[in-house]
Amino acid sequence: MLTITRMKAVLLVVILSLLMPTAGCTKEKADAIKNAAEQFRLESKTALTQLSNLAKQHAELPGMTNEEEVTRLAETFGTVPPEKVTEFVNSRIQAKRDFDELSASADEDLRKMQDVYDLFANMYRSLSKGHFFAGSAVKQSKIYAIKLTMQMVHFAGEIRDHPYQLHSRHVLLVEKYKNAQKLTDPQQKKAAVILASQELVQLRDLETKANQDAIAQCLKAAESGKVIIDLIDRYSTLSVADVLDLTRNALAIVSDISGGDPQIKAMIDRYDNFVKNKIATDPLWKAVQDNDIVTLSNLAKNN
Amino acid sequence: MDNDAKMLELLGNSLTDLEVKYRATNDFATQQELEPQIQNLVAQITTLRKKLREGPVIMTDEDLAGMREIQRQIDAAADKQSMLLAIARTAAFIGMRV
């Protein structure tokens, strides 16, 4: 009787140890996916923060110090008729609120998007502990890895095609040129125009750098996304050494991407072409682009 | 330059001109007249920018629900794996002792 119990227990251990590795992936691969998703979250959130700053600055009005505002209000009050004093007080308070609200709405889509990248990385939080049985769920997660990677490539292209302006600096610069034009003394006028022109060159370089840095960060995020897709795609065939090679290569590429690189805009084309090629050759990528939900759910399960 | 770029440039130039005028005036009536125009232009730029950022791939509420479901499945897989490992350890313990 005791021997039978012992045999049953040993048999159970043998069956479990045979079943578990075939049901999912190894712990090392699970860790690699989890770490890659965490890296994707970090790079994407940095990209979204940079993009948010650009979006806000594009819709920003030049600020005023408290002192400047008080002087302006006092001077404006000189033009207010007695029957409009209440309107003056209420409208000056409301106008500031309206402008602040508008400014805050400039990047609300990007702030919401940060939560999506958090959710994406959080999907894999228990993967190291559940890697034997999470194979199917991990395969299905590829859809979202593709979507978010495509989104980062799109953001990079969008900044290249429609660069952001540091708008309030433009307003201040136009004021400087207009003030220079009003000067009657030729020497003073020349000096003022040169000063404004120096600022114009600085502003142009600053805007170029801000846009290129954001492009580079989006591409870093896209590269991190590509690693996850690769890991999910090949996770049944990859060896632990392959996983290490893949992540090491990706980290090297990510650290090489820089906003200061004169080829940064050409790099967008490389990622763009990668996405286009995938859409042309992989039905899952095509379905993601077309948001074809039925095909997506079928392909994700069988991919 | 595509049409969206042209539109952004047009809106940006109009906004800059209006703001320069707005900042230059201390006349209450003129300020009141310019404020809604400025707000309208900022809103137009913001809307166009958001549309351009959206691009071909949009994360929908269904996507978020899908990701939460996958998270739930992976969490459940972790629970199941812990439980089975505990059973295996117990079985191994019994196997060794009996």
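Each chain gets a letter, A, B and so on, in the order its sequence line appears, and its residues count up from 1.
Residues B/I70 and A/Y124 have side chains not in contact (no heavy-atom distance under 4.5 Å, counting atoms from C-beta outward). The shortest side-chain heavy-atom distance between A/F99 and B/V42 does not fall under the 4.5 Å cut-off. Taking the side chain as every heavy atom from C-beta outward, A/L61 and B/Y22 never approach each other to under 4.5 Å.
Between A/R92 and B/E35 a salt bridge is recorded (basic side-chain N to carboxylate O distance below 4.0 Å). Residues A/R125 and B/D75 are paired through a salt bridge, judged by an N-O separation under 4.0 Å between the basic side chain and the carboxylate.
In this structure, the portions of A/Y164 lying under 4.5 Å from any heavy atom of chain B include both its backbone and its side chain. Using a 4.5 Å cut-off between heavy atoms, A/H162 contacts chain B through both its backbone and its side chain. Contact annotation for B/R23: both backbone and side-chain heavy atoms come within less than 4.5 Å of a heavy atom of chain A. Only the side chain of B/L8 comes within less than 4.5 Å of a heavy atom in chain A; its backbone stays farther off. Residue contact with chain A, scored on non-hydrogen atoms closer than 4.5 Å, involves the side chain of B/D2 exclusively. Residue contact with chain B, scored on non-hydrogen atoms closer than 4.5 Å, involves the side chain of A/L172 exclusively. Contact annotation for A/L73: neither backbone nor side-chain heavy atoms come within less than 4.5 Å of a heavy atom of chain B. B/I45 touches chain A through its side chain: at least one heavy atom from C-beta onward sits under 4.5 Å away, while N, CA, C and O do not.
Remark: B/Q32 CD to A/F88 CZ distance equals 9.5 Å, nearest 0.5 Å. A distance of 8.0 Å separates CG in B/D27 from OG1 in A/T76, rounded to the nearest 0.5 Å. How far OG of A/S126 is from CD of B/Q81: 10.5 Å, rounded to the nearest 0.5 Å. With rounding to the nearest 0.5 angstrom, the CZ atom of B/R53 is 4.0 Å from the CG atom of A/L110.
For the residue pair B/E69/A/Q140, the side-chain donor-acceptor check at 3.5 Å is not satisfied.
Between the side chain of A/E175 and the main chain of B/V20, no donor-acceptor pair closer than 3.5 Å is present. A donor-acceptor pair is defined here as one N or O able to donate and one able to accept, closer than 3.5 Å; such a pair exists between the side chain of A/R72 and the backbone of B/T25. For A/K147 (side chain) and B/I58 (main-chain N/O), a donor-acceptor pair under 3.5 Å exists by modelled atom type.
When each of B/D4, B/D63, B/T60 is checked for heavy-atom pairs under 4.5 Å with chain A, B/D63 comes out on top. Counting heavy-atom pairs closer than 4.5 Å to chain A, the top residue among B/T16, B/T90, B/L52, B/I38 is B/L52. Heavy-atom pairs under 4.5 Å with chain A were tallied for B/M67, B/Q31, B/Q73, B/E62; the largest tally goes to B/M67. Among A/H58, A/Q165, A/Q289, the residue making the largest number of heavy-atom pairs under 4.5 Å with chain B is A/H58. For the set A/D290, A/V80, A/N122, the entry with the most heavy-atom pairs within less than 4.5 Å of chain B is A/N122. The candidate with the highest count of non-hydrogen atom pairs below 4.5 Å against chain B, out of A/A95, A/P81, A/A106, is A/A106.
Among all heavy-atom pairs drawn from A/K84 and B/F28, the shortest one is O-CE2, 4.3 Å. A/G130 and B/A77 make their closest contact through O-CB, 3.5 Å (heavy atoms, listed as atom of the first residue, atom of the second, distance).
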Inset, instruction - Kindly determine whether A/H154 and B/E54 satisfy side-chain hydrogen bond (donor to acceptor under 3.5 Å, both in side chains), including the steps that lead there. - result: CA-CA 9 Å; A/H154 168 73; B/E54 245 176 33; over 6 Å; no
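Each of B/R49, B/K50, B/K51 was compared with A/E158 under the salt bridge (charged side-chain N to carboxylate O under 4.0 Å, His left out) criterion, and only B/R49 meets it.
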